[in-house]
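Input: a single structure, listed below in structure tokens.
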2 protein chains.
Amino acid sequence: MSAGQHTSNVTAAGRNEWIDVGLALGFELPTITSSYSTNDVALYALGVGAAATADESRELRYVYEHHADGFTTLPTYAVVPALNYVYELAKRGISAPGLSYGLERILHGEQSLELVRPFPVAASLEHSGCIKAIYDKGKNAVVVMEVLTRSADGELLARNEVSLVIRGAGGFGGERGPQHDSGGIPDRTADAVSAFKTAENQALLYRLSGDANPLHADPDFARAFGFERPILHGLCTLGIAVRQIVGRLCDNAPQRVKGVRARFSGSVYPGETLVTEMWKADHRILFQSKVRERDLVVVSSATVHLHT
Amino acid sequence: MSAGQHTSNVTAAGRNEWIDVGLALGFELPTITSSYSTNDVALYALGVGAAATADESRELRYVYEHHADGFTTLPTYAVVPALNYVYELAKRGISAPGLSYGLERILHGEQSLELVRPFPVAASLEHSGCIKAIYDKGKNAVVVMEVLTRSADGELLARNEVSLVIRGAGGFGGERGPQHDSGGIPDRTADAVSAFKTAENQALLYRLSGDANPLHADPDFARAFGFERPILHGLCTLGIAVRQIVGRLCDNAPQRVKGVRARFSGSVYPGETLVTEMWKADHRILFQSKVRERDLVVVSSATVHLHT
């Protein structure tokens with residue numbers, strides 16, 4: 001795949017009331033610009049729990065714009081403007097043809113981030129997107145959207161792949177799709193383990209970075225979806241995990257991260273404790289995150305790719 | 001005092017290297033417009049600890065813009081655009097003549113807020129200000145700035161009085177000024193007591209509402225000022241206390257608040273527990289807040305005025 005171009009997988013067409021693969025697959029979404037400030041970068045960092053405990057003073061550089069060691073954007077911030085692009089499209093009433101479902105059906109299934117260049121502490125950006133793949137998982141469908149984010153002068157900064165699980169929208173006779181597996185967790189004790197107790201209002205804070213899906217704030221909406229109460233954003237969980245990894249296995253050098261891939265295999269309730277186990281493997285760190293209180297794996301098949 | 005007009009106290013002139021009363025007193029600062037969004041209102045609410053614990057679910061309406069009971073602006077939010085006006089003046093290089101000191105000398109001493117109308121959940125505003133009083137406390141000086149905030153169509157919404165203590169800038173031969181005292185705390189057990197453990201990153205979050213004084217984020221700056229580490233904003237402490245009062249003695253009806261006055265008699269370190277004692281007194285609630293860990297009064301001579 002050449003850098004900076006959208007590519008679509010070829011797959012058998014199929015359709016049902018929510019999805020028409022023939023219409024949707026490969027659809028290219030219009031380019032939209034956005035910008036962010038140092039305040040946005042700091043707000044995101046607090047949203048993923050930076051500097052939340054007294055012993056995380058080294059994380060002040062993600063939050064304080066005049067830090068003596070240099071204010072730094074967390075690598076996973078790169079997912080935020082991409083997701084906000086998707087929300088902005090929806091706000092403008094722009095959607096791919098052949099996709100007819102609402103937020104009441106969508107869960108974030110997987111996320112892949114290729115960080116081509118580190119994100120500055122403030123920038124103007126432009127985003128473009130395409131419907132890259134649509135899979136039929138039987139009961140559910142999976143829609144993969146690719147978002148390319150460029151600087152204002154056209155340099156590719158990041159490629160995000162957002163895999164959305166569309167509940168109940170499968171069974172249209174489409175391809176099942178590949179299994180993205182990192183090969184599983186090594187058969188040895190983790191090289192490092194890091195625990196973080198999320199705040200009761202962690203999701204309420206994270207959502208101010210842009211993902212205002214009511215699933216993360218509205219008790220009634222969450223119950224109608226089948227959850228006890230609002231859940232944490234998958235990308236908040238991922239941001240916490242990668243922050244833990246940068247702190248424990250990357251000498252707090254976030255610029256070493258060149259990519260992240262993860263599956264959201266379970267949901268986190270705000271207030272729960274996220275325990276991330278990490279294994280070094282060449283230029284990768286394999287990891288998984290569990291909720292301690294329910295001994296439940298919530299992030300799996302997960303990898304941080306490092307610069308060599 | 002007629003609503004909507006700045007007034008200045010007459011006082012004896014005096015000067016030293018930081019303050020020239022004759023030049024500064026009564027100086028009228030230019031009108032500047034600003035605006036805020038529902039995101040700003042929610043960010044402020046989280047900054048003063050709203051919905052931070054599971055039993056504060058009634059506070060979700062301060063944080064979630066689509067809340068079924070109606071998204072509501074906390075009354076003390078009204079201090080934020082006024083303080084941001086003061087910062088914006090500084091950013092534009094506009095200052096009253098005769099005042100020559102920097103942030104390294106300024107502490108927030110007292111705050112008075114008259115809430116003429118409740119603040120909507122988003123608005124365009126215009127602000128004007130004047131140097132209302134300058135007092136000579138011996139070692140320190142006190143500079144009182146009045147800020148009037150109006151809606152875009154010119155209706156007065158709020159009058160703020162910001163009293164700044166200018167350390168070491170007293171002794172210029174000026175008036176000592178009045179003692180604003182609510183008459184002290186009643187000689188009986190408090191009618192309600194509410195405790196709130198601030199987050200370790202409470203100040204880092206609060207500052208994203210606009211008050212980016214390094215005293216609240218920068219360990220070196222705070223130490224140079226004589227503090228062990230960065231302190232919480234006085235207005236953050238006040239916002240927490242009024243939120244506690246609205247929850248305990250105002251049936252969670254923030255629109256009952258028509259004014260707030262408080263003295264910041266001590267500083268709070270993020271992570272400490274704020275215990276607010278409250279007494280009903282006609283259409284007022286008298287209160288004081290202490291840091292539990294150091295048994296130190298940090299907010300005193302404090303009153304919430306209620307609508308009759």
Side-chain angles (χ1 to χ4, degrees), chain A residues 37-69 71 84 103 196-222 228-230 269-272, chain B residues 37-69 71 84 103 196-222 228-230 269-272:
Chain A
S37 66
T38 56
N39 235 43
D40 296 320
V41 167
L43 176 61
Y44 171 79
L46 292 173
V48 300
T53 64
D55 60 354
E56 278 163 357
S57 63
R58 290 178 309 172
E59 296 186 342
L60 188 57
R61 61 193 292 227
Y62 306 137
V63 177
Y64 176 46
E65 67 282 3
H66 298 300
H67 197 283
D69 298 340
F71 181 50
N84 289 352
L103 283 179
F196 177 75
K197 188 180 183 317
T198 61
E200 293 288 343
N201 57 11
Q202 198 78 51
L204 296 171
L205 179 56
Y206 183 83
R207 72 196 295 275
L208 297 185
S209 286
D211 185 345
N213 187 333
L215 183 58
H216 311 295
D218 192 315
D220 294 334
F221 189 97
E228 211 174 278
R229 53 191 181 94
Y269 291 111
E272 291 185 323
Chain B
S37 67
T38 55
N39 235 43
D40 295 320
V41 167
L43 177 60
Y44 171 79
L46 293 172
V48 298
T53 63
D55 59 354
E56 277 163 358
S57 63
R58 291 177 309 172
E59 296 186 344
L60 188 56
R61 59 193 292 228
Y62 305 138
V63 177
Y64 175 46
E65 67 282 4
H66 298 300
H67 197 283
D69 299 339
F71 182 49
N84 289 352
L103 282 179
F196 177 77
K197 189 181 182 315
T198 61
E200 293 288 342
N201 57 11
Q202 198 78 51
L204 297 170
L205 179 56
Y206 183 83
R207 72 197 295 276
L208 297 186
S209 286
D211 185 345
N213 187 334
L215 182 59
H216 310 296
D218 192 316
D220 294 335
F221 189 97
E228 214 173 274
R229 54 191 179 94
Y269 291 112
E272 291 185 323

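Remember, predicted model here, so these are calculated numbers, not experimental data. All chains are named by letter (A, B, ...) in the order of the sequence lines, taking the proteins before the strands, and each is independently numbered beginning at 1.
In this structure, A:Leu43 and B:Leu43 approach most closely via the heavy-atom pair CD1-CD1, 3.7 Å. Here the closest heavy-atom approach between residue B:Leu60 and residue A:Pro219 is recorded as CD2-CD, 3.6 Å.
Heavy-atom distances place both the backbone and the side chain of B:Ala42 under 4.5 Å from chain A. Using a 4.5 Å cut-off between heavy atoms, B:Pro270 does not touch chain A at all.
Test A:Asn201, A:Leu204, A:Leu205 against B:Val63 for side-chain contact (heavy atoms from CB on, under 4.5 Å) and you get one pass: A:Leu204.
Interface remark: of the candidates B:His66, B:His67, B:Gln202, B:Glu200, B:Glu200 forms the most heavy-atom pairs closer than 4.5 Å to chain A.
Distance check, rounded to the nearest 0.5 Å: CG of B:Leu46 to CG of A:Leu46 gives 10.5 Å.
Annotation: salt bridge (charged side-chain N to carboxylate O under 4.0 Å, His left out) contacts of B:Glu65 (sequence neighbours excluded): A:Arg207.
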